[in-house]
Every structure is written in structure tokens, then in C-alpha cells.
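Working notes for the structure below.
Remember, it's 1-based here, ligands and their atoms both numbered in the order they're listed. It should be emphasised that the depicted structure is a prediction, and the values quoted were computed from it without experimental measurement.
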Amino acid sequence: MQHWDIWGRKYTMLGLLAYYDISEDNKALVAAKKLADHLLTQVGSGKVDIVKTGNYHGMPSSSILEPMVLLYKHTGDARYLDFAKYIAAQWETPDGPQLISKALDGVNVGDRFSFPKVWWGWENGQKAYEMMSCYEGLLELYRITGEPSYLKSSEMAVQNIIDTEINVAGSGTAFECFYHGGQRQTEPTYHTMETCVTFTWIKLCNNLLRLTANPMYADQIEKTVYNALLASMKYDGSQIAKYSPLEGQRQHGEEQCGMHINCCNANGPRAFTLLPKMAFTTAANEIMVNLYSESTANVQLSSKNKISVQQKTTYPVGDQIELIVLPDKPEKFTLSLRIPAWSGQSTVSLNGETVQGVQPGSYYKIDREWKKGDKVVLTLDMSGRLIKLNGYQAIMRGPVLLARDSRFADGFVDETAVVQNKDSRVVLVQEEKKPEHIWMSFTAPLVLGTDLEGDGRNAKPIHFCDFASAGDTWTYESRYRVWIKQTLNVMNAAYKPY
Ligand SMILES: [Zn+2]
């Protein structure tokens, strides 16, 4: 029961339960029960303490909370619910990871425990993937018990991760641990943006999006998907990277456990398969559109009327999303469009008429009787946004982070430069001609080789591509960089999340 033993049993249980959900093969449920029953003979009150097993204050072992609650849902057997409650209670003992109290006390996820002597050991309490997996389990337990502190602590932990850890590409960590990555993301970081962290962050945000319908979580998901997640996948879909740093070159991860894959090869595809389910969600009488992409959703609300919603768009290359609403019979319901917080100027039209009151960082709700062919057009603000931190600059366009890539052969990607801007807006010119395996290409005006703002007269158009395409030869031929150094003296200004 040491190292990754119980963590491995967790994934076996999750796999068995997921297989049972789609196949209804009772053997899978029986196997999951046997696995849980065996664990209950080893761990619990008067037996081995779960937070003393494995690494990281017992967080990997404790994350078995999620399948334990799911098993209770499937079987109604109170022993599994009792065990789930036992795990949450053990967290708050002196040896436990104190995931509820430390979150409620506002302790930063990177400061939960003192710096460990052994990084891959029990005393390290900052391991990101495992910590977030525990909150996933806690939210499942909240769904059963309604205990408000379970939801509140998860929300506060996620807000803290946004405020202190998530970088411009929507992921983070150093050596797979929280480390104040928001502030420190401009420094070269070893073993950063583990794809398991990226995936679990998306999954945890999605869990809270479903519970709270707060569009902030969908904004986070979108940023992570278009940047950290897409960057992890090789251009031909044959590989998922283990780490995707903000500068350097893309590369394969190591093989683990004597097999030809690693944890991230396994988790990356899980993130991609979550996307269709997250794009549209429904409440009793509402359809929420969370992600914008060419797609069709077929849903039924409380009336059981069949409703189809089609999205026609090239977003995030283009700025416009057309939604065609096709109910079988006319029906009154709310169609809610996520207006991203970054979109300063968004417009919505309904059957050709522009509507008022569209606010960034909210859902724009249209409540009416919908008829076949009703059309909504959403236009988002895709102007280039300059982000400054620690004497460095990065550019975002909509949800997409941009990067320099040496394949463009227009200078040294690591050189000092000043990105020309007006009120933090950067004029980007879309380029049709681009190297192979690059999705989007733009030029931005840069004054190269200086740290002075100047008057911009010496500015040159320098190429950028979307971060996901940067380095996507997976060879030394494409070195890439997100943060462009401006000032020679790095000043650590107070960090604000983006
Ligand atoms: Zn991994």
C-alpha cells in the first residue's frame, strides 16, 4: 500500500465503473466492488491510515475518493459512503493534506506545506495532479452529501490556482508541483505543464462549471484547451507530450513502468474526449453554449421536445459564430451564450437584429419562444492583447496565445524586443503563407534588440503563430518562445492572473 499502489487501484476502479456505465456488464461492477472491499480490509479506522500511504501526504491514495463515491451511487452500499467520509475526515488530521481547511483559510496551493527535502516523497504537499484529483472526489462527495464546505473549499482552491498558478497557456507547475507559477512563468521552468495537470485542470473546471454554471470555469477550460492541451499533441496526432514548456522545443516523454507509454499519453486523449460534452450543457429549461466550434448538439429539455443547435464558425481563426436553433416544435426556453471575459467588445444579433446588454465574463441569455431556423450571430473581440509581466511581454488573440517560432526565420526568437501597442492592443496581420504544421500565423510590430519603448519608427513585422503550433516539428528545427524579453532589469511587479 505504498508508493502508487492505491492510486493505481483508483484508476482500475474508474475504468471498471466507466466500462459498466457504457456496457451494463455486471461483471465490471462486481470487480469494482471486490477491489473496494479488499481495500476496506486494509485501510480505515483501526487499520492503516490512508494519509500515511504513498506519497504527497496521502493525496494520490486519497483520490480513490472519486470512484468510491461513484461506487456508492451505483450500489447504494453505505460502507462505500462511510469510507468516502472517512477519507475527507482523515485529510484534516495533522498528517493529512488538509485540503478543506487550507483552501477555506486561503492558503496558496503552492504554500500548503514547507519545502520538502525529498521531492518525490510523502512530505511534498504541492503535487498538482494528485491535489486536483482529490478535489474531484470531494465534489462527487458534495453531490451526495450536500456538505457546503466540500463545494466551497473546491471553489476556493480552484480560484487560488487561477490567481497564483495558471499561466498564459492555461496550465502550469514546475516539476509537476504548484510553485507560484503565475508570477514565475517568465522564468525557464523544468518539467512544466505536465499534460496530466492540464487534463485534470480541465476536468476539475468542468466539474465546477456543471455544479455552479459560472462561465469563469468555461473561460479557463477554453484557454487551456486551445493552448496547453493542443500544444501537447503532435501535428499528426501520434504523440502527446509529457511537458509543454512556454519556450524551447517539443519532445516525447519518457516511458514508464516498463511500458511504451507514460501517464500523459494516457490522460491527454481523455481531455480531448471531454470537449464535446463540455461545449453544450443544459439545465431544466436552458441550453448553455460554453465552447464555440463547428458542431451540432441534439438535446431535450424538460418538455422532451427535440432541439438541435448548430454552430457554423471558423472560430478561433475567425471572430464570428452563427448558431441555428432547430426545435421540432416551437418552444420557450433560454439559450445562454458564454461571453468570454477577454472579449471587450462583443455583439449578438438575433434574426438580424442587434441586441443590447452583452457583458464580458457572463452568459448572455436569450429567453424566448424558439422556432425552426432562428439564427443568432455572436461576434467576439479578437484583437491582439499585450500581457506584461516581470519585464516580459506576451500576446494573446482571443483565447489563443501566440509564440515566436524559428521556422519563420525572421530573427532570433530569444532576442530582446519591444512589442508595439496602443493601450495594450497589438495590431496583428493574418498571414496566409506559413511553414508546415502551423495553424494560425500573424505578424506583430516589434522593435528588435532594444529595451526602450521609443517611438516605434524602427518597428518590423515579426511572425508569431498560435502556441499549439509553435515547435510542432518536434525537432531542433523549431525553437519557440512565448515571453519576449523587454527590459534587461527584471522587475517583479505584483501578479494579476490573465
Ligand atoms: Zn503525466
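Residue contacts to the Zn ion (ligand 1): Glu176 brings no N, O or S atom closer than 2.8 Å.
Taking the six-membered ring for Trp and the full ring otherwise, Tyr129 and Trp7 have centroids separated by under 6.0 Å. Here the two rings, on His463 and Phe442, have centers that are 6.0 Å apart or farther.
At the Zn ion (ligand 1), the angle from OE2 in Glu194 to SG in Cys196 is 100° when rounded to 10°. In this structure, SG of Cys263 and SG of Cys264 enclose an angle of 120° at the Zn ion (ligand 1), rounded to 10°.
Side chain to side chain, Thr195 and Asn267 fail the donor-acceptor criterion of an N or O pair below 3.5 Å.
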Stepwise, does the side chain to side chain contact (heavy atoms under 4.5 Å, CB included) test hold for His57 with Trp122? CA-CA 5 Å; His57 283 266; Trp122 182 82; 3.6 Å; yes
